[in-house]
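Note: hydrogens, waters and symmetry copies are ignored here, and every other heavy atom, side chains too, is used. Throughout, a chain's letter reflects where its sequence line sits, starting with A, and its residues are numbered from 1.
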Amino acid sequence: GSQGSGNGGSGAGGTTAESGTDKKENAGGNTDGGSGSGNTAEGAKDGSKMKVGLVLSTGGLGDKNFNDMAYAGITKAQEDFGIEFDYVEPSSVSDLLPLDRQFAETEEYDLIIAIASDQEEPITEISEEFPDQKISLLDSAAEIDGVSTVQTEWSEQTFLAGVIAGMGTLSDMELANEDNVIGVIMGMDLPNLREGVVGFTAGAKYVNPDVEVLEGVVGAFNDPGKGKEMGLSMYSKGADFIQCIAGASGLGVFGAAKEADRYAFGVGPNQNGEDPDHIVASSVRSVDEMVYNEVKSIVEGTWEPGLHMSGMKENAVGCDMEGSNVAVPDDIKAAVEDIRGRIASGELVPCKNADELDAWVQANQYTK
Amino acid sequence: MYAVEMRNITKQYPLVRALDNVDFLLEEGEILSLLGENGAGKSTLMKILYGICKPDEGEIFVKGTATAIKSPKQAIDLGIGMVHQHFMLTPVLTVTENIVVGCEPVKGIVFDRETAERKVQEMIDRYGFGIRASQKVSGLSVGEQQKVEILKAIYRNADILILDEPTAVLTPQEVEELFHILRELKAQNKSIVIITHKLKETLAIADSISVLRDGKMITGHVSIKGATADSLAQMMVGREVTLGVSRKARSVGGTALRVRDITLKKKDRYILNHISLELKKGEILGIAGIEGNGQTELIECLTGICHPDRLDMEKDGQPIKGGPDEFIRKGIGHIPEDRMTRGLVLDLSILDNMILGYQGRFQKNGILDRKKMKHFADSLLQEFRIKAPNPLVKASSLSGGNQQKIVIARVFSEDPDIIIVAQPTRGVDIGAMEYIHERLLDLRDEGKAVLLISADLDEVKSLSDRLTVIYDGELVAEGRPEEFDDMELGLLMTGAKGERRASI
Amino acid sequence: MNQIISIFTSTFSMSVPLILAALGGVISVRSGIMALGLESMMTMGAFCGVLGSYYTGNVAAAILCGVAGGALFGLCHGILSVRYKVNQVISGIGLNLLAVAATTLLMQLIWNNKGSSPQVASIKQGVLTSPITFIMLAAVAAEYFVLFRTRFGLRLRMVGENPKAAATVGLPVHRIKYIAVVCCGMLAGLGGAYLSIDHLDMYVRDMSAGRGYIAVAIMILARYNPIMVVLCALIFGFSDAVQISLQGYGVPSQIMAMIPYIVTLLVLAFGVRQITPPAGVGAHDDE
Amino acid sequence: MSGIGSKAPATGAAKQSYGVKAVLAKNMSFTALILALILGGVIMSICGYNPFEAYGAIMKGAFGGKKAICQTLVQATPLIFAGLAYTVAKRANLINLGIEGQLYIGALGTSMFALLPLNLPPVPWIILALLCGMVFGGLYAGLVGFMKVRFGSNEVIATMMLNTIAVNFVEYAVNYPLKEEGKSIAQTAKFAEAIWLPKIVDKTQLTIAIIIAAAACIVIKLLFDRTVIGYEIKCVGQNLKASETAGIRIGKVMIIAMLISGAIAGLLGGTHVMGVDRRLIAGFSSGYGFDGIAVAALAADRPVAVILSGIIFGALRAGCMVLNRTTGVPTEFIDVIQALIILLVAAPLLVKEILRMNRKHTAISVKGGRTA
Ligand SMILES: Nc1ncnc2c1ncn2[C@@H]1O[C@H](COP(=O)(O)OP(=O)(O)OP(=O)(O)O)[C@@H](O)[C@H]1O
Ligand SMILES: Nc1ncnc2c1ncn2[C@@H]1O[C@H](COP(=O)(O)OP(=O)(O)OP(=O)(O)O)[C@@H](O)[C@H]1O
Ligand SMILES: [Mg+2]
Ligand SMILES: [Mg+2]
């Protein structure tokens, strides 16, 4: 069959993100004239005449993750500001450009929001073609003229989970074992997911330089069955904490955690509710808020092109233990908060690149 | 009372009216021979009786009661059994399984193999068929398969038995055995329909005849008394035919093909055992034999399809080897024994089939010359009087006889030096048979060398200039056809009398 | 030691759904119907199993629902290919497409999320003690027995080899084929249900993830023999388990992921040659 | 004795016109298509969506204006290639389920060539790059043909296994050796502009790939109708033994059929990377290989019909984009409709039964029976 989602898919199964796609109020087009290309937005606090287009990432709605979060963000904005919106779910990366273009061509949308870094190029092309069109690109580090890009760091997102795992594996936590081993599972071997892996590893080694971090790739984002086998295999090798970055395959890793009675970390939204007794925390990324903020800025007239950062400082990524029943020792909690502050303040910059990891670990060791 | 009475049967196929308002009667306790040329509608009529085909119109009465036979199951329940012209066998299953399936002995839900095999073996032994009940059908020769088909029908204890060309692949002895069985059944007051193209057989076994021509019943139910082969032939074809052509070779020339010591072994058994033969220009060499004695393999070796363990072959003094393409190029024509599997690509058009094997002649730089092909096919259709609406219809839509003519036309028109002909008239009606025989003799007279392999003794005897018999992978006798009588040949073919080892 | 045990359990739990689906395929093909639609039957089995559990909360009922879901698509495949003479490759591919689309729509309608279902009551016993494993073992034996020892099996094989001949000896060809495809659907559906309500406890869109196609390959590789199916599936499952276990030692995961497929290819090239399916596959009794 | 009906040949009876139904009966594929659309609409309304709105959006997206038509053709291009690739192998009675893998390998071949710093003039460069893809795809499929001929390996298994292997290999390639420096996406660098396929319509993705696809179909048709190898492929596909007897080198012909099939799949991959993405991206194909089977089915394995059939599916996909954007109808309905099209087109008997077109035949014969 065909492949799972493309770039950027990650954990799943959240409870915080509003799941699902409520039937859209027909947005078939009734913007009583006032749209044009965006200048009406200036200063308007009421967005009822505004229309926003959302181009989701491949994989589509129902991932209880990325796409569902973006959708939740925009529906919240709809409630708060009364905007209208249309969205599309691309079926492959090759469809991104025509979809982006179709939105721009209609000249009906005050803002187009595009998700995930594989839209960088289509958006670059579109913004050149339609320079008046306001576009926000989330989860990308590209600097594109006239486009607002919001960058997040995978390495920051998983770093704190790494810290918990690194300290937890040798601690006296109930389900931890003596082996100094933890693991991380990717859905597919993709560069940005690998950054997440490096972040997790760096986090663990920051507090526990000798820890062994197992890595695995399921090979698909939609194969929880294999995800579970992967998880079980790692637990049998002595891992007691596993971070999954594997889309729906991650659901299988949670199943493995339950069966092996070990710990796991969620990713994306707060997934702790999936299995509060085994999921210690989730490495969250608030895509919903990012989408909401972009809409808000356009409604309030504060929207600005350029590269924006959304990191630990803005509380957009990081580690969320809310909703988990796992008893994390106070010293670990304290360390997590301490390190969170160091990253937010820029004192500590997590490692992003596997090649630099060893050097980074030598240079950075956690001391209270 | 009639065992079967069919009234006003009409069957229309998309392009042909196979049966046109046909009445058919079968009396109880008689053997009726259903005659007709290829494509006359005999099989269709019988298939309707057996519930395989549905008639467009008409009524059927079995033993006096009107019945609509919708499926073979129903026919079987009415006591009708049928031996099909084209075998209805499953090669990967055993003889027993093929015979008993549908009314198997069981123990609980388990198939009772022992009982079944015992019963079948008893039947085989009783009729002297010489096959093993536990054998797989895939290992049987065509003749043996025919016997399995016959047993299948008899096993079911049918009162009305239909045999569609059961003798096409049997030796005279086997035919005699079959007739013996049929007479026995008749004595038990069973009613039998037999279809055969061999008029001698009709005369030997039938009590009455019915003749179909072009889908119409032209005789009704008539008694055999006073009929002769010639009168039957005339009834079928609607004109006079000369039966049993025979023309002696005028001038036998030098050696066209010399083969020494073909040997083929499969699983330690000799399929072909050091066969040597020599074929001269301007003669027909006949090889008589029961199917399954190595004929198929011999043909395959002589046409390059099969590569034997030893082959030393010369045409006009030049050694030849390679694949079939090489043999065809060297001028060795091949009329395969089974047109359906080896001779034709049934799903392609007549046009395409006309050039099969010779496509190289109709091309330039790999591009086919459609015009030339069309012209060629048209002329062959005419010359060989092949009944077809046009050369673009699929070969599968022709009747068997006409299909055979395509194969023959194709090979003959390519003017090969040597022709290897196997069973050229199997299932072909006498009109076509006559035509094919004439053509073979013409070719021979033109100085071509013909190797004729056939199970039809009349055919080999009347056509061959020299005759040899194959048994169990060896050539066991050789001589001029007049030197053998039918009984002797039959014995040679069954290995009962293999005194001299021929090297021809 | 732990790891070796883990590889073996992993092998089994990855093989069970493949074996079940391939067993179904064997019956179907033996009756003359090609089984490219296994993927759809597994998908339906996985989905309906969860649906059953969601509404009843009862695991046994869930299994039955899964089996019924697979059987439904098996029957569709049968009706299309027997009654309406649809090319069996096309029918299979079409149903595969339909199954994923239909289940996704149903998820949207029922759970208002088209990616995954909520968690439901599940068997969760692990492969070694799961009832589905035992059903599978029984199915292997039963299928072998039925196919090669019983009267029905003989008839079924006859139908698959030569439907015309079977019809001429009065066998109810269509009925036999329908029984075969429904059995096929039930087994493949059970395989799917294993994935969703035994191995896991939810349905995820497209979660059979190509296993139906692999089952087709396994079935062919096994020469349509139930016993061999187990062996071939275990070879595949084992290489997959080993592949999983060996990850993270520097070889790119994409290369590792090829291992089971390369192994199968090698077995195909050098182990199992000249596989002939039943001669009547795709043929009809009345042409 | 004989009835009125029985004198008239059956063909005559079929020619009698019964209005719309007769026209529909003559174009079963078309009828099936319409029926599938209607059924899809019925299912939509059962699920609570408005089918008219949905089909309006689809029509608009597929045919509503120049851009829409271009989008339809863009979507049709890979489907035409894939359908054609399946058809070619099918004619030799080989089931090529490996088009997906072959197109990835073809894309890889084209990309590797395109990434070489050759700086040739555009025309030869493009042609060579496409040829390179064809060679890669062809050899990959040829391997299956070779295995079949040499080892008697079943091509269904072999192609399926090679699919996964190819997809994984391309993923490996774009993640490691061919990965664009400094980007966090698994893709190669962008090709030089000279090697982008020329666009037919500016600001769309419509490139000359569609012309190449249509031309390929016609070339293949000519191959089957006019050439010896095409003739031999047909013979081998229909009857192995007769082909062998006729001196056709079966093994050679099978391998050639697979080579051609794979080369077409490779061309799909090549035109896609050079025309649409202009670089190799992991997972760029959304299952084109399998869609190709459906396209070939709709075209009943006739090469020229593949063009039309590809356009129909392409239109659905293009329409799906607008449907998705402007209405709340889930896109899965498009998949349902596609599946219905595939199944119904392949089942003329079912369509006839649904529309009660069988009646006519029986009616005549019953009448004939009475008069007789
Ligand atoms: N299924 C079919 N479809 C179309 N035409 C058919 C079909 N079956 C038979 N026919 C045609 O009906 C006619 C009668 O065929 P039938 O098989 O009854 O001939 P036959 O008398 O048995 O000939 P033969 O001696 O060659 O066996 C032929 O012209 C044949 O082509
Ligand atoms: N689909 C078809 N369309 C047209 N004609 C057909 C079709 N199928 C079979 N036929 C022809 O109808 C005849 C009947 O087929 P069947 O299998 O009963 O052989 P037969 O007529 O008894 O044999 P033969 O003609 O070889 O002696 C065949 O001769 C065959 O050429
Ligand atoms: Mg530990
Ligand atoms: Mg006949």
Enquirer: With no hydrogens and no angle check, just 3.5 Å: does a side-chain donor-acceptor pair link Tyr84(C) and Glu353(D)?
Expert: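 Result is yes, a qualifying pair exists.
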Enquirer: If you measure from CG on Leu109(C) to CD1 on Ile46(D), what distance do you get to the nearest 0.5 Å?
Expert: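 If I round to the nearest 0.5 Å, the distance is 11.0 Å.
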Enquirer: Chain C: which of Ile165(D), Ile95(D), Val156(D) shares the most heavy-atom pairs with it under 4.5 Å?
Expert: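 When all of Ile165(D), Ile95(D), Val156(D) are compared, Ile165(D) has the most.
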Enquirer: Can you tell me which of Ser253(C), Pro277(C), Ala99(C), Ala101(C) forms the most heavy-atom pairs within a distance under 4.5 Å of chain D?
Expert: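 Option with the greatest count: Ala101(C).
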Enquirer: Distance from Leu162(D) atom CG to Tyr261(C) atom OH, nearest 0.5 Å?
Expert: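 So the gap between those two atoms works out to 12.0 Å.
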Enquirer: To the nearest 0.5 Å, tell me how far Glu332(D) CD sits from Gln108(C) CD.
Expert: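 If we round to the nearest 0.5 Å, Glu332(D):CD and Gln108(C):CD are 8.0 Å apart.
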Enquirer: With only heavy atoms counted, which part of Ile262(C) is less than 4.5 Å from chain D, the side chain, the backbone, both or neither?
Expert: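 Backbone plus side chain of Ile262(C), per the 4.5 Å heavy-atom cut-off to chain D.
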Enquirer: Using non-hydrogen atoms only, which part of Asp291(D) is less than 4.5 Å away from chain C: side chain, backbone, both, or neither?
Expert: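 Neither; nothing under 4.5 Å.
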Enquirer: Flag the one option from Leu95(C), Ile259(C), Thr264(C), Thr276(C) with the top tally of heavy-atom pairs under 4.5 Å to chain D.
Expert: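 Looking at each of Leu95(C), Ile259(C), Thr264(C), Thr276(C) in turn, Thr264(C) comes out on top.
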Enquirer: State, to 0.1 Å, how close Ile157(D) and Leu221(C) come at their nearest heavy-atom pair, and which atoms those are.
Expert: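 Answer, listing the atom of Ile157(D) first, then Leu221(C): CD1-N, 3.7 Å.
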Enquirer: Locate the shortest heavy-atom distance separating Leu265(C) from Met147(D); write the atom from each residue and the value.
Expert: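 Closest heavy-atom pair between Leu265(C) and Met147(D): O-CE, 4.0 Å.
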Enquirer: So which part of Phe146(D) gets closer than 4.5 Å to some heavy atom of chain C, the side chain, the backbone, both or neither?
Expert: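 Neither part, no heavy atoms under 4.5 Å.
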Enquirer: Please classify the contact between Ala294(D) and chain C as side chain, backbone, both or neither, with a heavy-atom cut-off of under 4.5 Å.
Expert: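 The answer is neither part of Ala294(D).
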Enquirer: Between Val86(C), Leu36(C), Asn87(C), Ile275(C), which residue shows the highest count of heavy-atom pairs closer than 4.5 Å to chain D?
Expert: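 Of the candidates given, the most pairs with chain D belong to Val86(C).
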Enquirer: Heavy-atom cut-off 4.5 Å, strictly under: side chain, backbone, both or neither for Ile93(C) against chain D?
Expert: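 The side chain, not the backbone.
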Enquirer: If you compare all heavy atoms of Gly94(C) against all heavy atoms of Ile342(D), which two are closest, and at what distance to 0.1 Å?
Expert: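 Scanning both residues, the minimum pair turns out to be CA-CG2, 4.2 Å.
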Enquirer: In Å, rounded to the nearest 0.5 Å, how long is the span from CG of Asp335(D) to OG1 of Thr104(C)?
Expert: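 One gets 8.0 Å once the value is rounded to the nearest 0.5 Å.
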Enquirer: Can you name the closest pair of heavy atoms from Ala269(C) and Ser153(D) and give their distance?
Expert: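 Ala269(C) and Ser153(D) have their closest heavy atoms at CA-OG, 3.7 Å.
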Enquirer: By a 4.5 Å heavy-atom criterion (distance strictly below it), what part of Leu80(C) contacts chain D: side chain, backbone, both, or neither?
Expert: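 The answer is the side chain of Leu80(C).
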Enquirer: Val167(D) vs Met258(C), test: side chain to side chain contact (heavy atoms under 4.5 Å, CB included). Steps then yes/no.
Expert: CA-CA 9 Å; Val167(D) 170; Met258(C) 295 179 194; over 6 Å; no
Enquirer: Can you tell which part of Met107(C) gets under 4.5 Å to a heavy atom of chain D, answering side chain, backbone, both or neither?
Expert: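 No part of Met107(C) comes within 4.5 Å of chain D.
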Enquirer: Contact part of Val89(C) toward chain D, heavy-atom cut-off under 4.5 Å: side chain, backbone, both or neither?
Expert: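 When you check distances to chain D, only side chain atoms of Val89(C) fall under 4.5 Å.
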Enquirer: Counting C-beta onward and ignoring hydrogens, is there a side-chain heavy-atom pair between Ile214(C) and Met160(D) closer than 4.5 Å?
Expert: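 Not in contact.
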Enquirer: Taking the side chain as every heavy atom from C-beta outward, state whether Val263(C) and Met161(D) have any atom pair closer than 4.5 Å.
Expert: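 No. Closest side-chain heavy atoms not under 4.5 Å.
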Enquirer: Could you tell me which portion of Ile337(D) (side chain, backbone, both or neither) has an atom closer than 4.5 angstrom to a non-hydrogen atom of chain C?
Expert: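 Contact with chain C: none, neither part.
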Enquirer: So, taking the atom named CD in Gln254(C) and the one named OH in Tyr176(D), what distance separates them when rounded to the nearest 0.5 Å?
Expert: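 One finds 5.5 Å between CD of Gln254(C) and OH of Tyr176(D).
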Enquirer: Within the structure provided, determine whether Lys85(C) and Leu349(D) are in side-chain contact (heavy-atom separation under 4.5 Å).
Expert: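 Contact flag for Lys85(C)/Leu349(D) side chains = yes.
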Enquirer: What is the minimum heavy-atom distance between Leu97(C) and Ala339(D), and which atoms define it?
Expert: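 In this case the closest contact between Leu97(C) and Ala339(D) is CD2-N, 3.9 Å.
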Enquirer: Any chance you could measure Tyr172(D), atom OH, to Met256(C), atom CE, to the nearest 0.5 Å?
Expert: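 The distance works out to 13.5 Å.
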Enquirer: Is the CZ atom of Phe169(D) crowded by more than 12 outside heavy atoms at less than 6.0 Å?
Expert: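 12 or below, so no.
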Enquirer: Would you say that more than 12 heavy atoms from the other residues, nucleotides or ligands in this model lie under 6.0 Å from the NZ of Lys241(D), or not?
Expert: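 Check fails, neighbour count at 12 or below.
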Enquirer: What part of Ile218(C) lies closer than 4.5 angstrom to a heavy atom of chain D: side chain, backbone, both or neither?
Expert: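 Neither part.
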Enquirer: Looking at chain D, which one of Val216(C), Ile79(C), Val100(C), Leu105(C) has the largest number of heavy-atom pairs inside 4.5 Å, strictly under?
Expert: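 Option with the top pair count is Leu105(C).
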